[in-house]
Amino acid sequence: MDDSLLLGSPEIDAQHRALLATLDKLKSTSQSKYPEEALSDALSDFGSQIFQHFVSEEALMSQLAIPAPLQSEHRKAHERILEELTQIHFDAMDGKTTDLPDIIAAVSIWIKRHVIEFDLGLKPYVADKSSSPRSAEAPGDRMATETPRSS
Ligand SMILES: [Fe+2]
Ligand SMILES: [Fe+2]
């Protein structure tokens, strides 16, 4: 994986690397005739791998000081990817998918595009969190809205 795609979170970076490796493997296997069952298994495995990744990434997002609209757009993008993958899986099982290598190549492209358009947006927040763990609290906002309690 290209270093420019790294976020600085070892867990998420490793998952991105693993996802792209799985897609590369699928791409090379699908060049040859792919038995239907093996194809279904491969798509299921990829589906659960990416689902687990989204769970981890969304857990990370909730720990970072990311504006709510940005988080919700990002989560929606994850949902769309999962829906499209499910559709691809159904179509493949129905025999509607005629050119699997093309589909795998297209999936690789949109996963990379998602990393560039959405995941890389997390990079400054990840850097912020690792340089100063308390910066996520946005103390300025809190002080402006909270009335100090007398004790
Ligand atoms: Fe993402
Ligand atoms: Fe991601």
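A quick note: this is a predicted structure, and the numbers were derived from the prediction, not measured.
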message: Is there a side-chain contact between R75 and Q71 in this structure, where contact means two heavy atoms from C-beta onward sitting under 4.5 Å apart?
response: yes
- prompt: Quick one: side-chain hydrogen bond (donor to acceptor under 3.5 Å, both in side chains) partners of T22, sequence neighbours excluded?
  reply: Q49
- request: For the residue pair E58 and H74, confirm or rule out a side-chain donor-acceptor distance under 3.5 Å.
  value: no
message: Keeping D13 on the side-chain end and G8 on the backbone end, is there a donor-acceptor pair under 3.5 Å?
response: yes
Heavy-atom side-chain proximity of M1 to V115 below 4.5 angstrom: no
message: Working to the nearest 0.5 angstrom, can you tell me the gap between L20 CG and L5 CG?
response: 7.5 Å
task: Report the distance from atom CG of D119 to atom CD1 of I111, rounding to the nearest 0.5 Å.
output: 9.5 Å
- prompt: With the 4.5 Å side-chain cut-off for hydrophobic clustering, are L120 and I109 part of the same group?
  reply: no
- request: Assert yes or no for the condition that the ring centre distance of H114 to H16 is strictly below 6.0 Å.
  value: no
- request: Would you sort out whether L60 and V126 count as a side chain to side chain contact (heavy atoms under 4.5 Å, CB included), showing the intermediate values?
  value: CA-CA 9 Å; L60 171 73; V126 171; 4.2 Å; yes
- request: Measure the shortest side-chain to side-chain distance between P67 and Y125 over non-hydrogen atoms and say whether it is less than 4.5 angstrom.
  value: yes
- prompt: What distance separates K76 NZ from F118 CZ, expressed to the nearest 0.5 Å?
  reply: 10.5 Å
Minimum side-chain heavy-atom gap L6-R17 below 4.5 Å: yes
message: I'd like to check the side-chain hydrogen bond (donor to acceptor under 3.5 Å, both in side chains) partners of E84; sequence neighbours left out, ordered by chain and number.
response: none
statement: Taken to the nearest 0.5 Å, the spacing of S108 OG from L19 CG works out to 10.5 Å
With S56 via side-chain hydrogen bond (donor to acceptor under 3.5 Å, both in side chains) - residues at least two apart: Q15
field: Sub-4.5 Å side-chain heavy-atom contact between L85 and F90
entry: no
field: CG on L122 to NZ on K129, rounded to 0.5 Å
entry: 12.0 Å
field: F46 side chain near V107 side chain, heavy-atom distance below 4.5 Å
entry: yes
- prompt: Once you round to the nearest 0.5 Å, how far does NE2 of H78 lie from CZ of F51?
  reply: 11.5 Å
statement: Tightest non-hydrogen contact, residues T86 and L82, listed as OG1-O, 2.7 Å
